[in-house]
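Take a look at the structure set out below.
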Amino acid sequence: MNVTVPAASAAIAPAVNAWFRANARDLPWRRDGFGAWGILVSEFMLQQTPVARVVPRLEEWLSRWPTPAALAAEPASAAVRAWATLGYPRRALWLHKAATEIVNRHGGVVPGDVDALLALTGIGDYTARAVAAFAYGHRHPVVDTNTRRVIARAVGGQAEPAPPARRDLAAMDALLPDDPSEAACFNAGIMELGAIVCTARSPFCDGCPVRELCAWRAQGYPAYEGRRRPVQKKYEGSVRQVRGVILAALRSAEQPVTDAAIAALWPEPSLRETALAGLIADGLAVRRGPGTYSLPQ
DNA sequence: AATACGTGGCT
DNA sequence: TAGCCAAGTAT
């Protein structure tokens, strides 16, 4: 027990956990026996992608590839196709590569050690701890955008969190119950609270289990003072858009796609060439012959 | 440390 | 409508 934690902070985890046990959404990765591989795949898919869009792709993915070895046995192109339109398709490539690494380094078993997880392609601070905590029940602070927002408000009294930093881990660790099972519950519970109650746009404070403990509420909901992170650039006419257009063509094609076909998709040459070069640099496209391209094999 | 990276729903 | 936002990671 950390006696330096203020009383209000010490009361947060029990309140969140009681609320979560009564209000958790029934999501696939919360089912008993879902398995570490399923959890890992779900975490890859959930990176910057809403739950509702992930669920159907996840079920398809796991029925086709129930183990890391099953995925590693197929070409990367199969992973990119199965990713469909989840977005950020490099994640499909990274997940395929991580499966190969799990087979080669860990005998096909998803590791439970944070450092081993961090060493896998496409796994960073969030995903490594999420897998260790949710798949293996290990006691680690798991920090995502929801967690950071809830802590910024309830503990920090701020409308929005500061930019992500290492201290976020320490802030979460200070709230984390000692008991591993309670800690795992709190990791999931505070994320869930941020996802469905303490939301970014219009928080539902009347339904919040920590409203009586919330520093932001106590201070009268002050507006955000700091510098806002720059908004994402316009998608229309962006390299991202053209990459998406080209990759969609590569995904649906049985045969390599010609330069002419790609030019027909996006006539303006400069943006088109930048996009194609980027896809190749990322390993999402490969040159198959003179002026023809496909997904990686 | 700042930036690039998809896609689609919501207000 | 245009912009915001979504269980981040790699460089």
Side-chain angles (χ1 to χ4, degrees), chain A residues 20 24-25 27-30 38-58 80 83-95 97-98 117-135 140-150 159-166 168-169 172 184 186-196 198-203 224 227-248 250-251 271 274-275 277-285:
Chain A
F20 185 60
R25 289 171 293 177
L27 298 173
W29 45 91
R30 292 177 181 163
I39 304 251
L40 187 152
V41 173
S42 77
E43 295 299 349
F44 265 85
M45 291 184 170
L46 287 163
Q47 292 167 5
Q48 298 283 283
T49 305
V51 165
R53 206 179 311 165
V54 163
V55 171
R57 293 292 86 72
L58 176 67
V80 175
W83 201 256
T85 57
L86 278 177
Y88 291 147
R90 290 185 295 191
R91 291 180 294 166
L93 226 44
W94 290 341
L95 178 51
K97 191 167 180 205
L117 286 159
L118 281 170
L120 299 174
T121 301
I123 293 192
D125 280 336
Y126 164 75
T127 303
R129 290 176 178 79
V131 171
F134 301 145
H140 297 287
V142 180
V143 174
D144 80 328
T145 186
N146 293 304
T147 298
R148 291 195 308 109
R149 184 174 54 252
V150 173
E160 297 179 36
R166 296 297 299 183
D168 299 336
L169 275 179
M172 181 59 183
F186 182 58
N187 275 316
I190 194 169
M191 286 170 63
E192 184 83 340
L193 187 64
I196 67 181
C198 191
T199 56
R201 202 78 72 88
S202 46
Y224 186 60
R227 180 178 301 174
R228 289 192 60 105
R229 290 165 61 184
V231 171
Q232 201 175 33
K233 284 183 187 164
K234 189 173 72 167
Y235 186 66
E236 283 295 317
S238 67
V239 174
R240 281 181 179 181
Q241 182 184 21
V242 183
R243 284 172 60 111
V245 167
I246 296 173
L247 194 64
L250 297 183
R251 271 202 313 264
L271 204 52
T274 300
L279 289 172
I280 291 170
D282 290 343
L284 282 165

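It should be emphasised that the depicted structure is a prediction, and the values quoted were computed from it without experimental measurement.
Atom CG in A:Leu95 sits roughly 16 Å away from atom P in C:dG8 (whole-Å rounding). If you take NZ of A:Lys97 and C1' of C:dT9, they are 13 Å apart, rounded to a whole angstrom. Taking atom CZ on A:Arg149 and atom C1' on C:dA6, their separation rounds to 9 Å, with Å as the unit. Regarding A:Trp94, its CH2 atom lies at a distance of 10 Å from the C1' atom of B:dA4, rounded to whole Å. Atom-to-atom, CG of A:Leu40 to P of C:dA7 comes out at 18 Å; the value is rounded to the nearest Å. A:Lys233 places its NZ atom 8 Å from the C1' atom of B:dA4, with the value rounded to the nearest Å. Between the CG atom of A:Leu46 and the P atom of C:dG8 there is a distance of 8 Å, rounded to whole Å. Straight-line distance from the CG atom of A:Leu93 to the C1' atom of C:dA10: 13 Å, rounded to whole Å.
Contact annotation for A:Arg30: base contact, defined as any heavy-atom pair under 4.0 Å involving a base atom. Residue A:Trp83 is out of contact with every strand shown, counting any heavy-atom pair closer than 4.0 Å. Nucleic acid contact for A:Thr145: sugar-phosphate only, since backbone atoms but no base atoms lie under 4.0 Å from a heavy atom of the residue. Within 4.0 Å of A:Ala130, counting heavy atoms only, lies no atom of the nucleic acid at all. A:Thr127 comes within 4.0 angstrom of sugar-phosphate atoms only, judged by non-hydrogen atoms across all strands, and of no base.
The minimum heavy-atom distance linking A:Ser238 with A:Lys234 is given by the pair CB-O, 3.4 Å. Listed here is the closest heavy atom pair of A:Leu86 and A:Arg53: CD2-O, 3.5 Å.
At distances below 3.5 Å, not a single donor-acceptor pair connects side-chain atoms of A:Arg90 with backbone N or O atoms of A:Leu279. Proximity of a side-chain donor or acceptor of A:Arg129 to a complementary backbone N or O of A:Val143 within less than 3.5 Å is not detected.
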For nucleotides 1-3 of chain C, tabulate all protein N/O to nucleotide N/O atom pairs closer than 3.5 Å, reporting atom names and distance.
none

All N/O pairs under 3.5 Å across the protein-nucleotides 6-8 of chain B interface:
unit_1: B:dG6; atom_1: OP2; unit_2: A:Arg243; atom_2: NE; d: 2.3
unit_1: B:dG6; atom_1: OP2; unit_2: A:Arg243; atom_2: NH2; d: 3.2
unit_1: B:dG6; atom_1: O4'; unit_2: A:Tyr88; atom_2: N; d: 2.9
unit_1: B:dG6; atom_1: O6; unit_2: A:Tyr88; atom_2: OH; d: 3.1
unit_1: B:dG6; atom_1: N1; unit_2: A:Gln48; atom_2: O; d: 3.2
unit_1: B:dG6; atom_1: N2; unit_2: A:Gln48; atom_2: O; d: 3.3
unit_1: B:dG6; atom_1: N2; unit_2: A:Thr49; atom_2: OG1; d: 3.0
unit_1: B:dG6; atom_1: N2; unit_2: A:Leu86; atom_2: O; d: 3.1
unit_1: B:dT7; atom_1: OP2; unit_2: A:Tyr235; atom_2: OH; d: 3.1
unit_1: B:dT7; atom_1: O2; unit_2: A:Arg53; atom_2: NH1; d: 2.6
unit_1: B:dT7; atom_1: O2; unit_2: A:Arg53; atom_2: NH2; d: 3.4
unit_1: B:dT7; atom_1: O4; unit_2: A:Gln232; atom_2: OE1; d: 3.4
unit_1: B:dG8; atom_1: O4'; unit_2: A:Arg53; atom_2: NH2; d: 3.4

List the steps, then state whether side chain to side chain contact (heavy atoms under 4.5 Å, CB included) holds for A:Leu93 with A:Lys97. CA-CA 6 Å; A:Leu93 226 44; A:Lys97 191 167 180 205; over 6 Å; no
What's the verdict on side chain to side chain contact (heavy atoms under 4.5 Å, CB included) for A:Trp94 and A:Leu120, showing C-alpha distance, side-chain angles and the deciding distance? CA-CA 9 Å; A:Trp94 290 341; A:Leu120 299 174; over 6 Å; no
Can you list the steps and then say if A:Gln48 with A:Tyr88 is a side chain to side chain contact (heavy atoms under 4.5 Å, CB included)? CA-CA 9 Å; A:Gln48 298 283 283; A:Tyr88 291 147; 3.8 Å; yes
Begin with the C-alpha distance, continue with both residues' side-chain angles, and end with the deciding distance and a verdict on side chain to side chain contact (heavy atoms under 4.5 Å, CB included) for A:Leu40 and A:Leu95. CA-CA 9 Å; A:Leu40 187 152; A:Leu95 178 51; 3.6 Å; yes
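Spacing of C1' atoms, B:dA1 relative to C:dG8, comes out at 16 Å, to the nearest Å. Comparing the C1' positions of C:dA7 and B:dA2 gives a spacing of 23 Å, expressed to the nearest Å.
Toward the 5′ end of DNA chain C lies the nearest nucleotide of A:Val51, the other residue of the pair A:Val51 and A:Thr121 mapping further downstream.
In this structure the side chain of A:Thr147 never reaches within 4.5 angstrom of the side chain of A:Leu193, judged on heavy atoms.
Between the side chains of A:Tyr126 and A:Glu43, at least one donor-acceptor pair of N or O atoms lies under 3.5 Å.
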